[in-house]
Amino acid sequence: MKPTLLILAAGVGSRYGGLKQVDGMGPGGEAILDYSVFDARAAGFGKVVFVIRKDIEKDFREIVGRRIEAQIETEYAFQELTTGLDWLAEKPARQKPWGTAHAVLAAKNHLTTPFVAINADDFYGATALQKIADFAKNECSPSVYGMVAYLLGNTLSENGSVARGVCSVSPDGFLTEVTERTQIERLPTGIFYFDEKGKKHRLAEKTPVSMNFWAMHQTVLPEIEEMFRQFVLENMDNLKAEFYIPKVINNLIEAKKIKLRVLTSDNQWYGVTYAADKEIVQSALLKFAEAGVYSKKLWG
């Protein structure tokens with residue numbers, strides 16, 4: 001069976017200042033996610049599922065969905081504040097969804113094959129998408145998942161701090177732990193992350209990090225559902241708590257339910273955490289087009 005590409009596009013873009021999921025970045029006005037779909041289709045994915053919010057559905061379908069739907073089977077799932085909370089009588093008074101693992105849960109009815117989850121606003125590149133597609137088709141199983149890790153130094157923004165999942169990898173290439181670090185930046189003396197007390201800690205340039213680029217088997221969905229229920233009960237009063245995919249992965253590894261193979265990419269990452277990142281991404285995509293990697297009008 002062909003794997004599914006799950007694109008997480010429900011973010012509010014608070015640091016960016018708008019809907020970066022649909023913002024034109026390519027020379028033909030394409031969003032970053034257009035390139036992910038283009039590369040995924042060539043790599044052998046069977047369909048794409050977008051996780052969005054109901055309040056952006058109209059704009060998303062008109063700006064992006066219409067052209068994607070002409071290229072590959074396309075479905076939509078909706079991540080709302082109350083998604084997955086039918087069992088809870090009194091809902092927490094949150095103002096934004098619960099995070100990336102919650103977004104996967106929102107798409108559970110659309111995921112019937114091994115799937116690859118990515119961010120809408122990250123440019124991953126054709127090589128990495130082919131690598132993860134081959135893994136999803138040939139190796140992914142209920143007990144073996146995968147990810148593509150990037151080198152930390154290739155994933156930073158010039159315009160502020162970033163959040164990354166810092167990966168620990170065994171000698172035989174399997175993930176042992178991924179730790180979410182939410183304030184990483186390059187300083188004149190090196191790369192550091194700042195902990196909750198404001199203390200800085202050095203990270204190596206070639207530290208493998210997660211860019212939310214996961215291959216999972218569809219049997220993970222009941223596991224996510226159960227973990228989310230527990231997470232909600234533990235965080236009823238913590239309105240900023242987020243249920244991340246790395247939390248799910250760590251729990252499954254610790255319980256010895258899965259192994260997760262780490263595939264690596266030494267490519268430069270491009271993404272738009274801040275509005276000022278847009279010019280950098282636009283310049284990179286234009287250079288790709290001028291080099292013939294992509295057409296200037298991606299879909300012809």
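What you see below is based on every heavy atom in this structure, not just the backbone, and it leaves out hydrogens, waters and symmetry mates. The first residue in the sequence is number 1, and the count goes up from there.
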**Q.** Ionic contact status for Asp55 with Arg53, cut-off 4.0 Å
**A.** yes
Q: Supply the atom-to-atom distance Lys206 NZ to Asn154 CG, rounded to the nearest 0.5 angstrom.
A: 9.5 Å
(Q) For Arg67 versus Gln71, what's the shortest heavy-atom pair and its separation? (A) O-CG, 3.3 Å
Q: Give a yes or no answer on whether the side chain of Thr207 reaches the backbone of Ala204 with a donor-acceptor pair at less than 3.5 Å.
A: yes
Q: Find out whether Pro208 and Val169 are in side-chain contact, i.e. whether some heavy atom of one side chain is under 4.5 Å from a heavy atom of the other.
A: yes
(Q) Rounded to the nearest 0.5 Å, what separates atom NZ in Lys131 from atom CG in Leu263? (A) 6.5 Å
Q.
Exactly one of Asn212, Thr179, Thr155 should register a side chain to side chain donor-acceptor pair (under 3.5 Å) with Arg164. Which one does?
A. Thr155
Q. Cut-off 3.5 Å, side chains only: do Thr113 and Thr4 have a donor facing an acceptor?
A. yes
Q. Side-chain contact, heavy-atom cut-off 4.5 Å: Tyr294 with Asp34?
A. no
Q. Going only through I, L, V, M, F, W and Y residues with side-chain contacts under 4.5 Å, is there a path from Ile32 to Val49?
A. no
Q) If you measure only the distance, is there a donor-acceptor pair under 3.5 Å linking the side chains of Tyr244 and Asn250? A) no
Q) So, for Ala106 and Phe78, which heavy atoms are closest and what is the spacing to 0.1 Å? A) CB-O, 3.6 Å
Q: Measure the spacing between CD1 of Ile249 and OG of Ser210 and express it to the nearest 0.5 Å.
A: 9.0 Å
Q. Looking at CD of Glu226 and CG of Leu221, how far apart are the two atoms once the value is rounded to the nearest 0.5 Å?
A. 13.5 Å
Q. Does the Thr176 side chain pair with the main chain of Ser168, one donor and one acceptor, at a distance under 3.5 Å?
A. yes
Q. Between the side chain of His110 and the main-chain N/O of Val51, is any donor-acceptor distance below 3.5 Å?
A. no
Q | Considering all heavy atoms, the nearest Thr189-Arg202 contact | A | O-NH1, 2.9 Å
**Q.** Side-chain (Asn251) to main-chain (Val248) donor-acceptor, under 3.5 angstrom
**A.** no
Q) So if you build clusters from Ile, Leu, Val, Met, Phe, Trp, Tyr with side-chain heavy-atom gaps below 4.5 Å, do Leu8 and Ile63 land together? A) no
Q. Would you say Leu260 and Val148 are hydrophobically clustered, going by side-chain heavy atoms of ILVMFWY under 4.5 Å?
A. no
Q | Pairwise distance CZ(Arg181) to OG(Ser161) - rounded to 0.5 angstrom | A | 14.0 Å
**Q.** Residue pair Lys247 / Glu180, side-chain heavy-atom distance below 4.5 Å
**A.** no
Q: Would you please indicate if the ring centroids of Phe123 and Phe288 are separated by under 6.0 Å?
A: yes
Q. Side-chain heavy atoms under 4.5 angstrom apart, residues restricted to Ile, Leu, Val, Met, Phe, Trp, Tyr: same cluster for Tyr35 and Phe45?
A. yes
Q: Please check if atom CG in Asn138 has more than 12 non-hydrogen atoms from other residues, nucleotides or ligands closer than 6.0 Å.
A: yes
**Q.** Exam field: side chain Thr82 to backbone Leu85, donor-acceptor pair closer than 3.5 Å
**A.** no
Q) Would a distance-only check, ignoring hydrogens and angles, find a side-chain to backbone donor-acceptor pair under 3.5 Å from Glu30 to Leu298? A) yes
Q: Validate the cation-pi geometry between Arg261 and Phe135: distance from NZ or CZ to the six-membered ring centre under 6.0 Å, angle to the ring axis within 45°.
A: no
Q.
Measuring only between side-chain heavy atoms, which start at C-beta, is Trp214 closer than 4.5 Å to Met147?
A. yes
(Q) So, taking the atom named CZ in Phe174 and the one named NZ in Lys259, what distance separates them when rounded to the nearest 0.5 Å? (A) 4.0 Å
**Q.** Residue pair Glu69 / Tyr76, side-chain heavy-atom distance below 4.5 Å
**A.** yes
Q: Run the numbers on Leu129 and Phe213 for side chain to side chain contact (heavy atoms under 4.5 Å, CB included), then give the verdict.
A: CA-CA 9 Å; Leu129 274 158; Phe213 196 179; 4.0 Å; yes
**Q.** Glu90 atom CD, over 12 foreign heavy atoms within 6.0 Å
**A.** no
**Q.** Residues Ile118, Ser36; criterion side chain to side chain contact (heavy atoms under 4.5 Å, CB included); working and verdict
**A.** CA-CA 9 Å; Ile118 66 170; Ser36 293; 3.6 Å; yes
Q: Would you check if the side chain of Gln218 reaches a backbone N or O of Leu111 as a donor-acceptor pair within less than 3.5 Å?
A: no
Q) Thinking salt bridges, do Glu80 and Lys54 make one under a 4.0 Å N-O criterion? A) no
(Q) Give me the atom names and distance for the closest heavy-atom approach of Gln95 to Leu81. (A) C-CD2, 3.9 Å
Q. Hey, is CD on Glu279 packed in by over 12 heavy atoms from elsewhere, all under 6.0 Å?
A. no
Q: Check the pair Thr273, Asn159 against side chain to side chain contact (heavy atoms under 4.5 Å, CB included), reporting the backbone distance first and the verdict last.
A: CA-CA 9 Å; Thr273 303; Asn159 300 299; over 6 Å; no
Q: Evaluate whether atom NZ of Lys287 has more than 12 neighbouring non-hydrogen atoms of other residues, nucleotides or ligands under 6.0 angstrom away.
A: no
(Q) Quiz question: by atom type and distance under 3.5 Å, do the side chains of Asn267 and Trp269 form a donor-acceptor pair? (A) no
Q. How far apart are the closest heavy atoms of Cys140 and Met216, and which atoms are they?
A. SG-C, 3.6 Å
Q: Would you check if Ile191 and Glu205 make a side-chain contact, meaning some heavy-atom pair closer than 4.5 Å?
A: yes
(Q) Against Phe243, only a single residue in Ile224, Thr100, Val104 fulfils side chain to side chain contact (heavy atoms under 4.5 Å, CB included); can you say which? (A) Ile224
Q) Would Leu252 and Tyr145 satisfy side chain to side chain contact (heavy atoms under 4.5 Å, CB included), going step by step from the backbone distance to the final call? A) CA-CA 10 Å; Leu252 293 174; Tyr145 294 7; 4.1 Å; yes
**Q.** Closest non-hydrogen atom pair between Pro142 and Ile258, with its separation
**A.** O-CG2, 3.7 Å
Q) With a 4.5 Å limit on heavy-atom distance, are the side chains of Lys240 and Asn238 in contact? A) yes
Q. Just wondering, are more than 12 heavy atoms of other shown residues or ligands nearer than 6.0 Å to NZ in Lys137?
A. yes
Q) So does Arg94 pair up with Glu242, basic N to acidic O under 4.0 Å? A) no
Q: Report yes or no: does Tyr124 contribute a side-chain atom to a donor-acceptor pair with the main-chain N or O of Asn119 at less than 3.5 Å?
A: yes
Q. If Ile, Leu, Val, Met, Phe, Trp and Tyr residues are connected whenever their side-chain heavy atoms lie under 4.5 Å apart, and connections chain through other members, are Val64 and Trp299 in the same group?
A. yes
Q: Flag the pair Trp98 / Leu105 as yes when at least one side-chain heavy-atom distance between them is below 4.5 Å, and no otherwise.
A: no
